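A note on names: the letters A, B, ... follow the listed sequences, proteins ahead of strands, and every chain is numbered from 1. Note that the coordinates shown come from a computational prediction; the quantities given were computed from them, not determined experimentally.
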Amino acid sequence: MNIIDVVLLAMMVITALAVVRMRNLFAAVMLLGIFSLLSASLYALLDAVDVAFTEAAVGAGISTVLMLGTLALTGEREKKPHRPAWLPLVVVVVTGAALLYGTFDMPLYGDPNDPIHKHVADRYIERSGQEVGTPNIVTSVLASYRGFDTLGEVTVIFTAGVGVLALLGRGALSRRRRLNKEDDR
Amino acid sequence: MFGAVAAALLVAMGMAIIRALKGPTVFDRILSVNTFGTKTVLLIAVIGFLQKRPDFLDIALVYALINFITTIAVLKFFEFSHLGTPIGEEEAEDL
């Protein structure tokens with residue numbers, strides 16, 4: 001397993017450096033697609049298959065399409081910068097170092113003494129059958145124990161859907177109305 | 001056995017990356033991303049067997065579908081240089 005991890009991470013580093021150096025923006029978009037496919041395979045290796053799936057759908061699918069749509073409006077080549085931008089580099093390096101420092105507090109991967117294994121998981125596994133009554137533990141956690149959390153998520157998704165409808169649906173609706181008027185005439 | 005397959009897939013992925021980096025024309029790059037997506041699907045399937053959990057297989061199938069959609073979007077972008085017909089006055093007249 002470890003060799004696969006190392007090779008995938010090395011490929012990610014190469015792709016990321018190439019994206020930064022690349023002046024042809026179309027090639028950069030293609031390389032970003034490869035980058036997100038690589039991170040999706042890493043997530044799959046870490047057993048987070050659902051996260052990997054989201055990464056592949058959003059990173060490799062939707063954002064590639066969105067970035068290509070932007071390229072159609074702007075242009076394919078990036079201009080050369082006049083001078084090196086030192087301040088952003090310093091900010092990025094400091095932020096990255098702080099994030100790396102933060103990871104030292106995290107429990108080891110797969111450690112049985114993690115808080116996530118010690119906290120409430122046992123109770124869910126043992127009692128959810130009587131307390132909620134669904135055969136699937138994940139369902140009982142999502143719908144009952146963390147019901148408020150799920151309600152919030154559903155609200156966010158609903159708001160996003162309403163926003164998309166308000167932005168995109170209006171044109172189609174007015175067009176249909178206009179066509180109906182022409183038919184009446 | 002599966003380890004050898006995984007190694008071969010990683011080598012193929014590396015070669016696809018090299019083609020995406022060098023690729024003189026855009027079509028080299030499109031093809032390399034498409035190949036890379038296929039290799040990712042295969043790698044996930046092989047990882048499933050390596051970890052003795054072949055239930056990753058259906059997820060690999062969904063990956064293949066996403067890969068297909070992306071390639072179609074990219075090619076459409078190249079054919080028409082935009083991604084779809086905007087809802088404008090002319091189209092409404094045509095309908």
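Looking only at side-chain heavy atoms (C-beta outward), Thr64(A) and Val33(B) stay at 4.5 Å or farther from each other. The shortest side-chain heavy-atom distance between Val7(A) and Met13(B) does not fall under the 4.5 Å cut-off.
With rounding to the nearest 0.5 Å, the separation of CZ in Phe36(B) from CG in Leu31(A) is 10.0 Å. Separating the CG atom in Leu31(B) from the CE atom in Met30(A) is a distance of 11.5 Å, to the nearest 0.5 Å. Note that CG of Leu37(A) is 8.5 Å distant from CD1 of Ile44(B), once rounded to the nearest 0.5 Å. Residue Leu43(B) holds its CG atom at 6.5 Å from CG of Leu45(A), rounded to the nearest 0.5 Å. In this structure, CG in Leu21(B) is found 13.0 Å from CZ in Arg21(A), a value given to the nearest 0.5 Å.
Proximity to chain A (any heavy atom under 4.5 Å) is shown, for Leu10(B), by both the backbone and the side chain. The parts of Ala40(A) that come within reach of chain B are both its backbone and its side chain, each placing non-hydrogen atoms under 4.5 angstrom from that chain.
Leu61(B) CG: more than 12 foreign heavy atoms inside a 6.0 Å radius. Crowding of Arg23(A) atom CZ: a count of heavy atoms from other residues, nucleotides or ligands under 6.0 Å exceeding 12.
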Walk me through it: do Phe26(A) and Ile30(B) pass the test side-chain contact (heavy atoms from CB on, under 4.5 Å)? CA-CA 10 Å; Phe26(A) 178 80; Ile30(B) 295 174; 3.9 Å; yes
Stepwise side-chain contact (heavy atoms from CB on, under 4.5 Å) test for Ile34(A) and Thr40(B): CA-CA 9 Å; Ile34(A) 290 184; Thr40(B) 313; over 6 Å; no
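By the criterion of side-chain heavy atoms lying less than 4.5 angstrom apart, applied directly or through intervening Ile, Leu, Val, Met, Phe, Trp or Tyr residues, Leu68(A) is grouped together with Phe27(B) in one hydrophobic cluster. Leu38(A) and Leu9(A) fall within the same hydrophobic cluster, where Ile, Leu, Val, Met, Phe, Trp and Tyr residues are linked whenever their side-chain heavy atoms come under 4.5 Å apart, directly or through other members. In terms of hydrophobic clustering, with Ile, Leu, Val, Met, Phe, Trp and Tyr side chains grouped at heavy-atom distances under 4.5 Å, Leu71(A) and Leu75(B) are assigned to a common cluster. Under the 4.5 Å side-chain contact rule for hydrophobic residues, Ile3(A) and Leu42(B) share a cluster. Note on Leu8(A) and Phe2(B): same hydrophobic cluster, where clusters join Ile, Leu, Val, Met, Phe, Trp and Tyr whose side-chain heavy atoms are under 4.5 Å apart, directly or indirectly.
Your options are Asp50(A), Ile14(A), Asp47(A), and the one with the most heavy-atom pairs under 4.5 Å with chain B is Asp47(A).
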